[in-house]
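In what follows, a structure is listed as structure tokens, so that the remarks can point back to it.
All residue numbers in this chain count up from 1 along the given sequence.
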Amino acid sequence: MDSDWKNLPNHLLDLVLEKLASDDFLRFSLVCMSWSSVTKDNPRRPAPMLLVSSGGKQDAWNVYNVEKDKVYDLQLRLPNKRFCGSSKGWLVTVDENFAVTLMNPFARIQGCEENENSIIRLPSLMPPCPTRTMYWARRYDRYVHKATISADPVLNADECIVEVIFGDGYLLASVRPGKDKTWTYREHRTWHFIDDVVHVGDKVYCVDRSDRLNLDGKIIEERIVRKRYLVDLNEKEVLMVKRCFRMERKEGNRRRYPSFVTQKFEIFRWNSEESKWIEMTSLGDVALFVGANDSASVLTSKLPGCQPDCIYFNSDWQYIEWNRQDYGVYNLKTQSISKPYTPHALTLLNMTKQKSIWFLPTLRS
């Protein structure tokens, strides 16, 4: 008599899940929908994983588990193009017609049936200024600088808002999937280039290249910096990660933009009472993951394969020459950068023709 594995009682599946190593947590969730529903609310959450293009294969991406230092033997069917966001387990892309699309990567595994909810198409994000349409049509892969979502568009559709930084860098737009037929545009011409935007609870924060923090449209701090990321720390605190670079230009290179190499990171915590950034010298038991994704934080005591007091980073510049080697792990205590990845992962990262991106799997029923 065949066993009905997909209909096992939840309490038995919970017992099985608790016995598994975190390396098998993701594979458990991919068995079937009922097994995935058990993992969705489990407190054991995986660390952000790295998507790396397969290079020679079109529309195929590898998954690297940095916690276990292992490249999974599965590939995802995803377009061979730049992702402008990775948020709540979804990837964000834009095409030549300015159409923005949300994609659930783990519903698109090679050799598996595709989930009907794996793609959500949003209204076209047309340039507000018609004279810039042709300009951006030739550069559509750079049109959206960064995108984020407030909630899972399938599990929490009523609370989902997609927010993007786009165009010439001082434009923000938002849309509610399934509700809005057009985007709502917000322009900030008094700003320098906006680097990041994040939802923290019911608030929206964004920060520009002068360190001015904008809370729901109000500018409340200013200081000169290079490039930064905002981190939602347990929906209670906002951290700013400042990334410092050394500019390099190869001899004989006449391109307009040089390449930048990461030198160090600095961490700041937003003090809402004093309306200013407070510098931090240590993250303690926390590790951060930054890049073109929603910045993520994890407790390394629960994920022993991740290094504490460290920042995992990828190359995510758009308007300068891409430096394939600008990735690694920055240790705040020693102020040093290492690349503690397997030879397989290093080979993939050095050969890829698309920029890799962190994503945090969202396990859904």
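When the side chains of ILVMFWY residues are joined at heavy-atom separations under 4.5 Å, either directly or via intervening members, Leu346 and Val329 end up in a single hydrophobic cluster. Hydrophobic clustering (ILVMFWY, side-chain heavy atoms < 4.5 Å, transitive): Leu122 and Tyr185 are in one cluster. The hydrophobic clustering, which links ILVMFWY residues whose side-chain heavy atoms are closer than 4.5 Å, places Phe268 and Tyr205 together. Under the 4.5 Å side-chain heavy-atom criterion for grouping Ile, Leu, Val, Met, Phe, Trp and Tyr, Met126 is connected to Leu171 within one hydrophobic cluster. Hydrophobic clustering (side-chain heavy atoms under 4.5 Å, transitive across Ile, Leu, Val, Met, Phe, Trp, Tyr) keeps Val290 apart from Leu360.
Of all the heavy atoms in Ala173 and Phe166, the pair that sits closest is CB-CE2, 3.6 Å. Minimum interatomic distance between Tyr72 and Met49 (heavy atoms only, all atoms of both residues): CE1-SD, 3.9 Å. Residues Cys160 and Ile149 share a closest heavy-atom pair of SG-CB, 4.4 Å. Across every non-hydrogen atom of Trp136 and Gly167, the tightest pair is CZ2-O, 3.1 Å. Taking every heavy atom of both residues into account, Gln75 and Ala60 meet most closely at OE1-CB, 3.8 Å. Minimum heavy-atom separation, Arg82 to Gln354: N-OE1, 3.4 Å.
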*Going through the distances and angles, do Asp326 and Thr262 end up as a side-chain hydrogen bond (donor to acceptor under 3.5 Å, both in side chains)?*
CA-CA 6 Å; Asp326 195 27; Thr262 301; 3.0 Å; yes

*asked:* side chain to side chain contact (heavy atoms under 4.5 Å, CB included), that's the test. Do Val200 and Val198 meet it? Break it down for me.
replied: CA-CA 6 Å; Val200 182; Val198 64; 4.1 Å; yes

*Please test Asp294 against Trp358 for side-chain hydrogen bond (donor to acceptor under 3.5 Å, both in side chains), starting from the C-alpha separation and ending with a verdict.*
CA-CA 8 Å; Asp294 275 8; Trp358 297 109; over 6 Å; no

*asked:* What verdict does the ring pair (Phe, Tyr, Trp, His ring centres under 6.0 Å) test give for Tyr135 and Tyr143, after you've listed the backbone C-alpha separation in whole Å, the side-chain angles of each residue and the deciding distance to 0.1 Å?
replied: CA-CA 10 Å; Tyr135 173 85; Tyr143 179 56; 9.7 Å; no

*Go through Phe83 and Trp61 one step at a time and tell me if the ring pair (Phe, Tyr, Trp, His ring centres under 6.0 Å) criterion holds.*
CA-CA 12 Å; Phe83 296 115; Trp61 290 68; 5.0 Å; yes

*Under the side chain to side chain contact (heavy atoms under 4.5 Å, CB included) rule, what do Leu125 and Val144 come out as? Steps first, then yes or no, please.*
CA-CA 9 Å; Leu125 181 70; Val144 174; 3.8 Å; yes

*Evaluate the ring pair (Phe, Tyr, Trp, His ring centres under 6.0 Å) criterion for residues Phe313 and Phe265: first the C-alpha distance (whole Å), next the side-chain angles of each, then the deciding distance (0.1 Å), finally the verdict.*
CA-CA 10 Å; Phe313 65 95; Phe265 287 85; 5.2 Å; yes

*Could you walk me through whether Thr101 and Ile119 pass side chain to side chain contact (heavy atoms under 4.5 Å, CB included), step by step?*
CA-CA 7 Å; Thr101 301; Ile119 293 182; 3.6 Å; yes

_Between Asp195 and Asp208, does the side chain to side chain contact (heavy atoms under 4.5 Å, CB included) criterion hold? Intermediate values first, please._
CA-CA 5 Å; Asp195 261 337; Asp208 75 358; over 6 Å; no

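For Asp309 (side chain) and Leu283 (main-chain N/O), a donor-acceptor pair under 3.5 Å exists by modelled atom type. Side-chain N or O atoms of His344 include none that pairs as donor or acceptor with a backbone N or O of Val71 at under 3.5 Å. A donor-acceptor pair under 3.5 Å is formed between the side chain of Ser282 and the backbone N or O of Gly284. Between the Trp183 side chain and the Pro123 main chain, a donor and an acceptor come within less than 3.5 Å of each other. Checking side-chain atoms of Asn104 against main-chain N and O of Trp90 turns up no donor-acceptor pair under 3.5 Å. Under a 3.5 Å cut-off, the side chain of Lys146 and the backbone N or O of Val164 do not form any donor-acceptor pair. With Thr300 contributing its side chain and Asp285 its backbone, the two residues share a donor-acceptor pair below 3.5 Å. Using modelled atom types, one side-chain atom of Thr347 and one backbone atom of Pro343 make a donor-acceptor pair closer than 3.5 Å. Checked by atom type and distance alone, the side chain of Asn97 never pairs as donor or acceptor with a backbone atom of Ala99 at under 3.5 Å. Judged purely by atom type and a 3.5 angstrom limit, Lys339 uses its side chain to pair as donor or acceptor with the backbone of Gln325.
At least one side-chain heavy atom of Asp158 sits under 4.5 Å from a side-chain heavy atom of Lys179. Residues Gln335 and Lys264 form no side-chain contact, since every pair of their non-hydrogen atoms from C-beta on lies 4.5 Å or further apart. Looking at heavy atoms from C-beta onward, Ser53 lies out of side-chain contact with Met351 at the 4.5 angstrom threshold. Side-chain contact between Gln307 and Pro340 is present, with heavy atoms from C-beta onward closer than 4.5 Å. Residues Leu299 and Val286 are in side-chain contact: their nearest non-hydrogen atoms beyond the backbone lie under 4.5 Å apart. Using a 4.5 Å heavy-atom threshold, the side chains of Leu239 and Leu230 count as separate. Looking at heavy atoms from C-beta onward, Val298 lies in side-chain contact with Pro48 at the 4.5 angstrom threshold. Contact annotation: the side chain of Trp270 approaches that of Ser275 to within less than 4.5 Å [non-hydrogen atoms, C-beta and beyond].
Atom-to-atom distance recorded for Arg186:CZ and Ile165:CD1 is 10.5 Å, nearest 0.5 angstrom. Atom CG of Leu288 is separated from atom OG of Ser297 by 6.5 Å, given to the nearest 0.5 angstrom. Note: Leu349 CG to Ser315 OG = 11.0 Å, rounded to the nearest 0.5 Å. Leu91 contributes atom CG, which lies 6.0 Å from atom CG of Leu51 (distance to the nearest 0.5 angstrom). Atom NZ of Lys68 is separated from atom CG of Leu303 by 9.0 Å, given to the nearest 0.5 angstrom. Between His199 atom NE2 and Glu163 atom CD the span is 5.0 Å, to the nearest 0.5 Å.
No side-chain donor-acceptor contact under 3.5 Å links Asp95 and Tyr140. One side chain, Asp316 or Tyr229, offers a donor N or O that lies under 3.5 Å from an acceptor on the other.
Aromatic ring centroids of Tyr341 and Tyr312 lie 6.0 Å or more apart.
Environment of NZ in Lys81: crowded, with over 12 heavy atoms of neighbouring residues, nucleotides or ligands closer than 6.0 Å.
Because its NZ or CZ atom is not both nearer than 6.0 Å to the ring centre of Phe245 and within 45° of the ring axis, Lys227 does not count as a cation-pi partner of that residue.
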